[in-house]
Trainee: 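Mind looking over this structure? Questions follow.
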Amino acid sequence: NIGSAIAGTSGACATYTKDGQSFSGTEDGNGNCIYASTFVGPKNNLTTDLFVRALPNGGAHIFEASLFVGEAYDTIAAANAAGISAGGDGPTLQIEAGATLAFQTNKDFIIINRGSRILADGRADAPITFTSVSDLNGTVGAEDVQQWGGIVINGFGVTNKCDYVGTRGEAGFELAPGEDCSLPAEGAAGDDESFYGGDNDADDSGILRYVVVKHTGAEVANGDELNGISFGGVGSRTVVENLQTYSTFDDGIEMFGGSDSFTNFVALYVRDDSIDIDEGWNGTITNALVIQGEAEGNHCIEADGIGSYNASEAAKNADFIARGLHSAPTINNLTCIISPNLGGTHGEGAGWRLREGIEPVSYTHLRAHETG
């Protein structure tokens with residue numbers, strides 16, 4: 001109940017009540033609100049609705065730990081037993097247009113767990129910003145990364161890492177008997193674990209509208225790197241419009257299955273892939289601009305049709321494609337300005353890498369330019 005969350009907010013800082021106890025941020029005397037790990041953090045997930053208002057005069061909400069929304073159930077059965085089966089069943093994080101949320105280190109990041117939602121509904125004249133404390137302090141360079149972790153959004157959407165019966169999008173499509181689709185999300189390690197996946201491509205993880213995500217990235221384990229935003233099994237009812245990822249260590253956005261779509265996306269100074277498509281994502285990107293840095297940036301798009309593709313498994317590959325379990329993106333109006341770098345963190349500047357099993361449903365008005 002977002003209305004009750006707003007009505008229960010006193011003062012400038014966000015507050016919530018749990019088990020009869022009130023938790024609130026603390027005003028620091030400089031126009032900011034500070035939130036200690038006792039407010040929210042690893043193993044102290046937000047389990048009730050929270051409203052974060054815009055602070056006057058450039059004030060920011062500064063978190064001293066990660067912000068995890070909802071519980072991370074490692075099985076769908078456990079989530080269902082707790083009353084979580086779709087977006088909206090869990091707590092909602094609502095952020096007012098113009099608000100800024102900042103984090104201190106790259107060990108700190110945001111997770112929106114399955115069943116929970118983020119309502120970050122900004123405006124052109126009042127965008128919502130997720131950034132680092134170093135950015136607030138003015139001690140970060142334009143292309144600096146790994147100043148804080150980033151955002152992970154998990155849903156109950158389809159991923160081809162799980163087993164299904166039937167054809168995707170048709171009646172009778174569901175998880176195979178005995179299958180519990182709960183895959184570890186990006187950044188999953190120890191207390192930071194979260195999970196995604198299911199058979200609901202129409203799941204709702206909320207709204208990201210006029211949102212800027214800046215200076216992100218952390219390598220949690222070998223090959224497991226936090227992106228600007230990771231979308232794991234995020235459904236088509238999720239709204240993503242006018243989104244910018246700015247100076248990210250790994251990917252700008254990466255979709256692990258699901259059917260969410262993007263309108264008006266900008267990726268600036270992404271060191272790895274600005275747009276990364278995996279595990280059977282079949283959404284749409286409409287109007288996108290990618291600009292790589294002078295010395296950093298790998299692919300504008302990297303897309304996998306069938307994860308862990310093996311050419312010797314011809315029957316399996318054909319079955320994935322026939323049942324719609326491969327990636328089938330639609331991309332309309334994309335411009336990529338590519339760096340000519342040869343020694344970037346994640347590889348040389350490049351355009352589009354479309355790997356086996358990809359089905360580009362529609363690619364229109366795609367342009368690539370090399371700088372330098």
Side-chain angles (χ1 to χ4, degrees), residues 1-2 5 16 18-19 23 37 39-50 65-94 107-119 149-165 173-206 220-221 224 226-227 229-238 254-260 278-281:
N1 187 327
I2 298 302
Y16 68 90
K18 180 179 180 181
D19 299 330
F23 297 85
S37 59
F39 182 88
V40 69
K43 301 194 76 172
N44 184 26
N45 292 20
L46 183 69
T47 56
T48 187
D49 294 340
L50 184 71
S66 292
L67 172 56
F68 298 166
V69 181
E71 298 287 0
Y73 296 101
D74 60 1
T75 67
I76 291 178
N80 292 168
I84 305 296
S85 61
D89 290 339
T92 293
L93 172 66
Q94 182 175 4
K107 297 184 183 299
D108 305 324
F109 62 110
I110 297 174
I111 297 175
I112 308 300
N113 279 299
R114 288 185 296 186
S116 294
R117 295 186 302 157
I118 179 171
L119 300 180
I151 302 176
V152 176
I153 302 177
N154 298 318
F156 286 102
V158 173
T159 162
N160 61 27
K161 293 292 186 182
C162 294
D163 292 329
Y164 300 89
V165 294
F173 179 80
E174 60 186 5
L175 288 166
E179 177 77 350
D180 192 311
C181 186
S182 298
L183 303 176
E186 292 279 84
D191 294 342
D192 294 343
E193 281 190 326
S194 67
F195 305 89
Y196 69 94
D199 56 14
N200 180 12
D201 271 338
D203 198 23
D204 178 4
S205 292
V220 180
D224 182 3
L226 287 169
N227 302 302
I229 308 181
S230 300
F231 297 86
V234 174
S236 61
R237 292 177 63 196
T238 307
E254 183 166 10
M255 289 73 77
F256 299 88
S259 296
D260 51 326
D278 296 300
E279 298 184 15
W281 181 72

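This structure is a prediction, so every number in the text was calculated from the model and none was measured. Computed over heavy atoms, backbone and side chain alike; hydrogens, waters and symmetry mates excluded.
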Trainee: Just by distance, with hydrogens left out, do E279 and Y196 show a side-chain donor and acceptor under 3.5 Å apart?
Mentor: yes
Trainee: Short question: side chain of S236, backbone of D201 - any donor-acceptor pair under 3.5 Å?
Mentor: yes
Trainee: Where do L119 and L93 land on the side-chain contact (heavy atoms from CB on, under 4.5 Å) test, with the steps shown first?
Mentor: CA-CA 6 Å; L119 300 180; L93 172 66; over 6 Å; no
Trainee: Quick one: do V234 and M255 satisfy side-chain contact (heavy atoms from CB on, under 4.5 Å)? Show the steps, please.
Mentor: CA-CA 8 Å; V234 174; M255 289 73 77; over 6 Å; no
Trainee: Go through the steps to decide whether E174 and V165 satisfy the test side-chain contact (heavy atoms from CB on, under 4.5 Å), and finish with yes or no.
Mentor: CA-CA 6 Å; E174 60 186 5; V165 294; 3.6 Å; yes
Trainee: What's the spacing between E254 CD and D278 CG if we round to 0.5 Å?
Mentor: 4.5 Å
Trainee: Has D89 got a side-chain atom pairing as donor or acceptor with A86's backbone, closer than 3.5 angstrom?
Mentor: yes
Trainee: With no hydrogens and no angle check, just 3.5 Å: does a side-chain donor-acceptor pair link D180 and S182?
Mentor: yes
Trainee: Check whether S116 reaches the backbone of P91 with its side chain - one donor and one acceptor, N or O, closer than 3.5 Å.
Mentor: yes
Trainee: Is there a donor-acceptor contact under 3.5 Å from the side chain of N154 to the main chain of R114?
Mentor: no
Trainee: Any side-chain heavy-atom pair from V152 and L226 closer than 4.5 angstrom?
Mentor: yes
Trainee: Can the ring centroids of Y73 and F195 be said to lie less than 6.0 angstrom from one another?
Mentor: no
Trainee: Test D204 against R117 for salt bridge (Lys or Arg N to Asp or Glu O under 4.0 Å), laying out the working first.
Mentor: CA-CA 7 Å; D204 178 4; R117 295 186 302 157; 3.7 Å; yes
Trainee: Does the side chain of K18 reach to within under 4.5 Å of the side chain of T47, using non-hydrogen atoms?
Mentor: yes
Trainee: So F256 and N160, do their side chains get closer than 4.5 Å, heavy atoms only?
Mentor: no
Trainee: Atom CD1 in I76, atom CD in E179: separation rounded to 0.5 Å?
Mentor: 8.5 Å
Trainee: Go through the side-chain N and O atoms of N80 and S85 and say whether any donor and acceptor fall under 3.5 Å apart.
Mentor: no
Trainee: How long is the span from the NZ atom in K43 to the CG atom in D192, to the nearest 0.5 Å?
Mentor: 11.5 Å
Trainee: Are V158 and S259 side-chain neighbours, meaning at least one heavy-atom pair lies under 4.5 Å?
Mentor: no
Trainee: Checking side-chain contact (heavy atoms from CB on, under 4.5 Å) for the pair T92/I118: CA distance, chi angles, key distance, verdict?
Mentor: CA-CA 6 Å; T92 293; I118 179 171; over 6 Å; no
Trainee: Output the distance between atom CD (E193) and atom CD1 (I111), rounded to the nearest 0.5 Å.
Mentor: 9.5 Å
Trainee: Could you tell me whether the side chain of W281 and the main chain of G233 form a donor-acceptor pair under 3.5 Å?
Mentor: no
Trainee: Kindly determine whether N227 and S230 satisfy side chain to side chain donor-acceptor pair (under 3.5 Å), including the steps that lead there.
Mentor: CA-CA 6 Å; N227 302 302; S230 300; 2.8 Å; yes
Trainee: Please report whether the ring centroid of F68 lies less than 6.0 Å from that of F109.
Mentor: yes
Trainee: If you measure from CG on L183 to OG on S194, what distance do you get to the nearest 0.5 Å?
Mentor: 11.0 Å
Trainee: For a 4.5 angstrom cut-off between non-hydrogen side-chain atoms, does F231 reach I112?
Mentor: no
Trainee: Write down the atom of G41, the atom of A65, and the distance for their closest heavy-atom approach.
Mentor: CA-CB, 4.0 Å
Trainee: What distance do I110 atom CD1 and L67 atom CG have between them, rounded to the nearest 0.5 Å?
Mentor: 5.0 Å
Trainee: So, do I153 and I229 sit near enough that their side-chain heavy atoms are less than 4.5 Å apart?
Mentor: yes
Trainee: Determine yes or no for a side-chain-to-main-chain donor-acceptor pair under 3.5 angstrom, with N45 supplying the side chain and G70 the backbone.
Mentor: yes
Trainee: Would you confirm whether the ring centroid of F23 sits within less than 6.0 angstrom of the ring centroid of Y16?
Mentor: yes
Trainee: If I compare all heavy atoms of C181 with all of T159, which pair ends up nearest, and what's the gap?
Mentor: SG-CG2, 3.6 Å
